[in-house]
Amino acid sequence: MPAASESDGELPDRELPITPRGLRTRSSLVSAARRVFEESGYLDSRLIDITRAARCSAGTFYTYFTSKEEILAAVLEQARDDMLHPGTERVDPHENPVAVIAASNRAYFEAYQRNAKLMALLEQVSNIDPEFRRLRRERADAFVRRNARSIESLQNRGLADTALDPLLASRALSSMISRLAFNHFVVDAAGGRSAADYEGLLETATRLWVNALRLPRGDDESAR
């Protein structure tokens, strides 16, 4: 994660530009930074590489960001939004819960695959920078809270095991899904996983989630 600022140990919380041109320029910088970070890694990336990729001056960069750390945080925030809201709104929450979990897992894995290089980068930087470690923890907590609400809803509907603490269950299951995704899309990426492996990953993750909550499978035995 980015280095902490000297003032308060946290990255600046800068407001977004208010003009369309400002928003476009900032977006261009964030997109350029993502390309540079994914190609060169965080430590070897330079601000001049980012400004060249964005075709802007250093002065323009400092209009929107104070440092390489701050723009990395903006890149990671964009990826977080993609992964936290990957399109599962198309799934009716009142459908068969097994189908909903399968669809949610698929959307998460697809979003993780799109952002795999950044997730590898976050893993590395968070090990050396406490501020990025904090951002990573906040990102994980957002997933845990969302999944805990879903588990509690299933319990209230009489579908999930009511003996489970929804927050603790969510923390365990969310951690499992996150590490499965990391191992599959980051650690094993060089191994050339096949489509069959991906479907097997999805089915296994969904089956473990369903079994842990003791959900009735109904007619959707495949959980695909």
Side-chain angles (χ1 to χ4, degrees), residues 1-16 26-27 29-47 50 64-88 104-105 107-151 165-190 201 205 208-209:
M1 294 195 169
S5 67
E6 294 180 358
S7 59
D8 58 7
E10 295 185 359
L11 293 173
D13 187 13
R14 181 174 296 203
E15 294 183 0
L16 292 175
R26 185 184 186 278
S27 178
L29 280 165
V30 172
S31 296
R34 175 169 181 156
R35 294 195 301 272
V36 170
F37 289 140
E38 288 184 341
E39 291 171 4
S40 303
Y42 175 71
L43 295 178
D44 292 331
S45 297
R46 303 171 301 169
L47 290 184
I50 296 172
Y64 301 95
F65 300 99
T66 61
S67 63
K68 184 173 74 169
E69 291 86 355
E70 189 178 347
I71 198 169
L72 175 59
V75 171
L76 292 171
E77 181 65 20
Q78 190 178 72
R80 174 188 176 278
D81 289 342
D82 179 34
M83 296 177 68
L84 192 59
H85 308 287
T88 51
S104 299
N105 282 341
Y108 177 80
F109 285 143
E110 289 174 352
Y112 202 104
Q113 187 172 29
R114 289 194 298 272
N115 295 284
K117 290 182 179 179
L118 283 181
M119 293 302 98
L121 192 66
L122 177 59
E123 182 85 3
Q124 296 166 358
V125 180
S126 64
N127 287 330
I128 61 174
D129 191 302
E131 180 57 22
F132 274 110
R133 189 154 55 245
R134 180 187 66 80
L135 293 177
R136 181 188 181 194
R137 184 172 60 250
E138 289 179 354
R139 171 185 172 274
D141 286 344
F143 283 92
V144 169
R145 289 193 301 270
R146 184 188 65 179
N147 289 332
R149 290 193 296 269
S150 297
I151 293 172
D165 179 292
L167 186 61
L168 290 177
S170 173
R171 194 173 300 281
L173 292 169
S174 300
S175 297
M176 175 191 72
I177 295 296
S178 176
R179 296 317 293 180
L180 280 173
F182 182 81
N183 287 329
H184 187 84
F185 297 114
V186 176
V187 177
D188 296 330
L201 173 75
L208 289 171
W209 190 291

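What you see is a predicted model, and the numbers here were worked out from it, not measured in a lab. Nothing fancy with the numbering, it's 1 onward along the sequence.
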ask   = When you look at Ile50 and Phe37, which way does the side chain to side chain contact (heavy atoms under 4.5 Å, CB included) test go after all the steps?
value = CA-CA 9 Å; Ile50 296 172; Phe37 289 140; 4.0 Å; yes
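- Contact between Leu118 and Leu76 at its shortest, heavy atoms only, is O-CD2, 4.2 Å.
- Neither side chain, Asp188 nor Asn183, offers a donor N or O lying under 3.5 Å from an acceptor on the other.
- The line from CH2 of Trp209 to CD1 of Ile177 is 6.0 Å long, rounded to the nearest 0.5 Å.
- In this structure, the ring pair (Phe, Tyr, Trp, His ring centres under 6.0 Å) partners of Phe143, at least two apart in sequence or on a different chain, are Tyr108.
- Shown here are the side chain to side chain donor-acceptor pair (under 3.5 Å) partners of Arg46, two or more places apart in sequence or in another chain: Asp49.
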inquiry  = For a side chain to side chain contact (heavy atoms under 4.5 Å, CB included) check, start with the C-alpha distance between Lys68 and Leu72, then their side-chain angles and the critical distance, and finish with the verdict.
reply    = CA-CA 6 Å; Lys68 184 173 74 169; Leu72 175 59; 5.7 Å; no
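- Screening Asn127, Leu121, Leu122 for a side-chain contact (heavy atoms from CB on, under 4.5 Å) with Gln124, the sole residue that qualifies is Leu121.
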request  = I would like to know whether Tyr42 and Ile128 meet side chain to side chain contact (heavy atoms under 4.5 Å, CB included); could you show each step before the answer?
outcome  = CA-CA 12 Å; Tyr42 175 71; Ile128 61 174; 5.7 Å; no
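- With sequence neighbours excluded, the residues satisfying salt bridge (charged side-chain N to carboxylate O under 4.0 Å, His left out) with Arg171 are Asp141.
- To the nearest 0.5 Å, the span separating CZ on Arg80 from CG on Asn115 amounts to 12.5 Å.
- Residues meeting the side-chain contact (heavy atoms from CB on, under 4.5 Å) test with Leu168, sequence neighbours left out: Asp165.
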task = Begin from the C-alpha positions of Arg133 and Ser126 and carry the test side chain to side chain donor-acceptor pair (under 3.5 Å) through to its verdict.
result = CA-CA 4 Å; Arg133 189 154 55 245; Ser126 64; over 6 Å; no
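- Distance alone, capped at 3.5 Å, places no donor-acceptor pair between the Gln113 side chain and the Phe109 backbone.
- The residues Glu39 and Lys117 are annotated as not salt-bridged, no charged nitrogen and carboxylate oxygen being separated by less than 4.0 angstrom.
- If you take CZ on Phe65 and CZ on Arg26, they are separated by 4.0 Å, rounding to the nearest 0.5 Å.
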task = With side chain to side chain contact (heavy atoms under 4.5 Å, CB included) as the test, would you mind laying out the steps for Glu123 and Phe182 before giving the verdict?
result = CA-CA 9 Å; Glu123 182 85 3; Phe182 182 81; 3.7 Å; yes
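- A salt bridge links Arg134 to Glu138: one of the charged nitrogens lies within less than 4.0 Å of a carboxylate oxygen.
- Side-chain atoms of Ser40 never come within 3.5 Å of backbone atoms of Ser45 as a donor-acceptor pair (strictly under, hydrogens ignored).
- When atom types are taken as modelled, the side chain of Ser174 and the backbone of Ser170 share a donor-acceptor pair closer than 3.5 angstrom.
- For Ala172, there are no side-chain contact (heavy atoms from CB on, under 4.5 Å) partners, not counting sequence neighbours.
- Atoms CD and CD, on Glu70 and Glu131 in that order, are 11.0 Å from each other to the nearest 0.5 Å.
- A search for side chain to side chain donor-acceptor pair (under 3.5 Å) contacts involving Glu38 returns Arg34, not counting sequence neighbours.
- Side chains of Val30 and Tyr64 form no contact here, defined as non-hydrogen atoms less than 4.5 Å apart.
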